[in-house]
Protein chains: 2
Amino acid sequence: MVTIYDIAKDSGYSIATVSKALNNKSVSEKARRAILKSVEELHYTPNSSARTLATNKSWMIGVVFGENLGIGIAHPFFSQVIEGFKKHMELYNYDLLFVSRHMGLQQETYRHLQHRGVDGIVIIQSFGEDEMQNIEMSMPTVYIDRPSDEPGTVYSDNRSGSRLAVNHLVENGHKKIAHIMGNQTTYAGIERAKGFRQAMRDHGLDVREDYLVDGGYYSQAGGREAMIRLLSLEDKPTAVYAAGDEMAIAAIKVIKEWGLRVPEDISVVGFDDIQLAQHIDPPLTTIRQDKELIGQQAAIMLLDKIANQDTKHVNKTKMVPVSIVKRQSVHNLA
Amino acid sequence: MVTIYDIAKDSGYSIATVSKALNNKSVSEKARRAILKSVEELHYTPNSSARTLATNKSWMIGVVFGENLGIGIAHPFFSQVIEGFKKHMELYNYDLLFVSRHMGLQQETYRHLQHRGVDGIVIIQSFGEDEMQNIEMSMPTVYIDRPSDEPGTVYSDNRSGSRLAVNHLVENGHKKIAHIMGNQTTYAGIERAKGFRQAMRDHGLDVREDYLVDGGYYSQAGGREAMIRLLSLEDKPTAVYAAGDEMAIAAIKVIKEWGLRVPEDISVVGFDDIQLAQHIDPPLTTIRQDKELIGQQAAIMLLDKIANQDTKHVNKTKMVPVSIVKRQSVHNLA
DNA sequence: TCTCCTGTCGAAAGCGCTTTACATGTGTAA
DNA sequence: TTACACATGTAAAGCGCTTTCGACAGGAGA
């Protein structure tokens, strides 16, 4: 391995000067040129461990990925958010470290991240709160999709999303609207349900408890079960708003299986706008989350936290707007 | 930060002994217990940079992700392969480092990985060979989906995939079979096309050159264009085998737009079995790649390379079998 | 009793880099 | 000429850890 000593010897300067030249500190043009020449010739590559050890700065961001579908990085929503995050972090020369997730033991994961000396952490979890509390984070950290009152969180405007969905449905003449909820220990699930209730009330519609069904962790399996419950009702809804696209897609399937049509008999609205949404039959009307932007905002926030660790400036939360994309799964009753 | 010195002082042993105790080297039970007690009490976390510096082992694997769709980690095929890779690597306590991709400059990326001191590299690229040659890899490296004659490569049995597709089509009475090829600078694209030609020949069918169209980099846009070309032909094929699901899906859309039916008028077979495949109308018959397994095999191979760096044992390539999943996009002509 | 072996532990060097504090050389003003 | 400021370069310490090699104690064998 070629080190800074080799460069020093080859160029005729001291290692201190070499270090300065490599870090754009003040050295004469002459010295800089000579040193860079040696660097080229000897194929020198600085050793980041040594640098990290000396500077206490690793230029790595730890990524904590927690989802309980078992698909990890392949998670359609998370992967897009992380990609947005990565793109922004790249601009500032940070690399991303995906640490092996010491099964469930959050404390362990945090220890590990500390061991790695990452400069910051981004946490993106699908499951409940109680599973990851009590972690004293003495490290710059940003959360995605967690309670909005916690500082350092980036999240979609879930309530507005629900409002958009309900508004659209009401505008199309629907009154009997059901909601397939996301698991009520997840932040997104809670917020979307709240937004749904609020929007219904705002329209003077009452929220029937039997129209509120739990769809679990946003999977098709959960959506399927929920929809079956809805269809088993005496008085069926004319529209269903699901808190996630996968659940909405499963709902559509079930409706068809029961011999009903979408959207003529039952309209469906989803949440997320995953790639699949536009390809199913009928194309799904849904609330679009801007995954790229969420990731980017998280990156900006984390960068800010890293830069201002000393100043105890309380970090705000950041809400990312959502939008409705109207396709063909909603029928106009009028 | 609490260091090994603090533990030494607190426990009454020297730092050398502490280090040994922490690395399961031989120390007396008494010493080990005392040291571990101090570790607990002081919340000591070893510093991986220092350790890496001293041992020249980082326990990190560099991941090089090259795709030209601009979706990075969110790539449906790659993300699943990487997830399989990650799951296996976790078993051996390796973390994954996603380095910022110094736009195109492969040489730069490799330098960066070297700088980071990763113990090994996994490269998963969608584009052509010429874009990444001349990189002298003095580091354990594994490639996914590259020429099978290069040592250290894991790839799907693309030729057999094509054979499965053609066989299935022929069994259903098709003779006029077209192939939407993946870009012919990509390894997978080349192999699948070769397999197609071979399989056709084996069935005594001739391969019409106008039935071989380039679909580009496996995107829907490319598939769409290719299918249009096929439909513009005087003598249309009765079946189309696309080298990728996205292309197949686009093809189905185009066929429908032209007022034809799938599969009654034209049958379609894809490759990959991405999640979308089962949700479109009609559900797509396709060749399934075992992404998890590919990732896992890559991990196994890399681990082996890392363990046996000295012994110049030439690394074999590893071919992962594919299978056909029959859904409803193929029509029986009989 | 003395010697030798074994098991335990510690001193110190070294991994490759940054950074502080100081030395040297050059130019400018008095 | 002397004095001083400034620009440039260097020696050396230190970041937190591993590892070699030698010191030492205690027990076994003669």
Side-chain angles (χ1 to χ4, degrees), chain A residues 1-39 42-60 93 95 111-119 139, chain B residues 1-39 42-60 93 95 111-119 139:
Chain A
M1 162 164 253
V2 27
T3 76
I4 207 172
Y5 285 89
D6 302 314
I7 302 299
K9 200 180 302 169
D10 187 75
S11 65
Y13 287 88
S14 74
I15 62 159
T17 306
V18 171
S19 174
K20 282 179 190 160
L22 293 175
N23 289 290
N24 298 315
K25 301 272 172 69
S26 91
V27 285
S28 66
E29 250 327 291
K30 182 169 157 243
R32 161 164 289 120
R33 242 192 291 277
I35 289 168
L36 290 183
K37 179 158 163 286
S38 296
V39 165
L42 303 185
H43 296 303
Y44 167 73
T45 320
N47 177 313
S48 79
S49 297
R51 184 180 298 206
T52 297
L53 187 57
T55 60
N56 204 26
K57 166 102 184 154
S58 68
W59 294 99
M60 292 194 300
N93 297 312
D95 292 330
R111 274 269 188 113
H112 187 66
L113 252 5
Q114 206 159 260
H115 157 75
R116 282 297 192 185
V118 296
D119 295 335
M139 208 179 278
Chain B
M1 164 161 251
V2 25
T3 77
I4 207 172
Y5 286 89
D6 302 314
I7 301 300
K9 199 180 302 168
D10 188 74
S11 65
Y13 286 88
S14 74
I15 63 160
T17 306
V18 172
S19 174
K20 283 175 193 159
L22 293 175
N23 289 289
N24 297 316
K25 301 272 171 69
S26 90
V27 285
S28 67
E29 250 329 290
K30 184 169 155 240
R32 162 164 289 121
R33 241 193 290 279
I35 288 168
L36 291 183
K37 180 157 162 283
S38 296
V39 165
L42 303 186
H43 295 303
Y44 167 74
T45 320
N47 177 316
S48 78
S49 297
R51 183 181 301 210
T52 297
L53 187 57
T55 59
N56 204 27
K57 168 100 183 156
S58 67
W59 292 101
M60 292 193 300
N93 296 313
D95 292 330
R111 275 268 188 116
H112 187 67
L113 252 5
Q114 205 159 261
H115 156 75
R116 282 298 193 183
V118 295
D119 295 335
M139 207 179 280

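Just so we're on the same page: letters track the sequence lines, and every chain starts at 1.
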Base, sugar-phosphate, or nothing: which does [X] touch, judged by heavy atoms less than 4.0 Å apart?
X       : value
A:Ser19 : base
A:Thr3  : sugar-phosphate
A:Ser28 : sugar-phosphate
A:Asn23 : sugar-phosphate

Task: Nucleotides bounding contact with chain B, strand DNA chain C, heavy-atom threshold 4.0 Å - done: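 Span of nucleotides near chain B: C:dT8 to C:dG16.
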Is there a side-chain contact between [X] and [Y], using heavy atoms and a 4.5 Å cut-off?
X        : Y        : value
A:Arg116 : B:Trp59  : yes
A:Asp119 : A:Met139 : no
A:Asn47  : A:Thr3   : no
B:Arg51  : B:Lys57  : no
B:Leu22  : B:Val39  : yes

TODO: Would you kindly compare B:Ala54 and A:Ala54 by the position of their nearest DNA chain C nucleotide and give the one closer to the 5′ end?
DONE: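 It is B:Ala54 whose nearest nucleotide is closer to the 5' end.
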Open item on the list: For the backbone of A:His115 and the side chain of B:Ser48, can you confirm whether one donor and one acceptor N or O come within less than 3.5 Å of each other?
Closed with: yes
Round to the nearest Å and state the distance from [X] atom [atom1] to [N] atom [atom2].
X       : N      : atom1 : atom2 : answer
A:Ile15 : D:dT10 : CD1   : C1'   : 9 Å
B:Lys20 : D:dC21 : NZ    : P     : 12 Å
A:Arg32 : D:dT8  : CZ    : C1'   : 12 Å
A:Ile4  : D:dA11 : CD1   : P     : 14 Å
A:Tyr5  : D:dA12 : OH    : P     : 12 Å

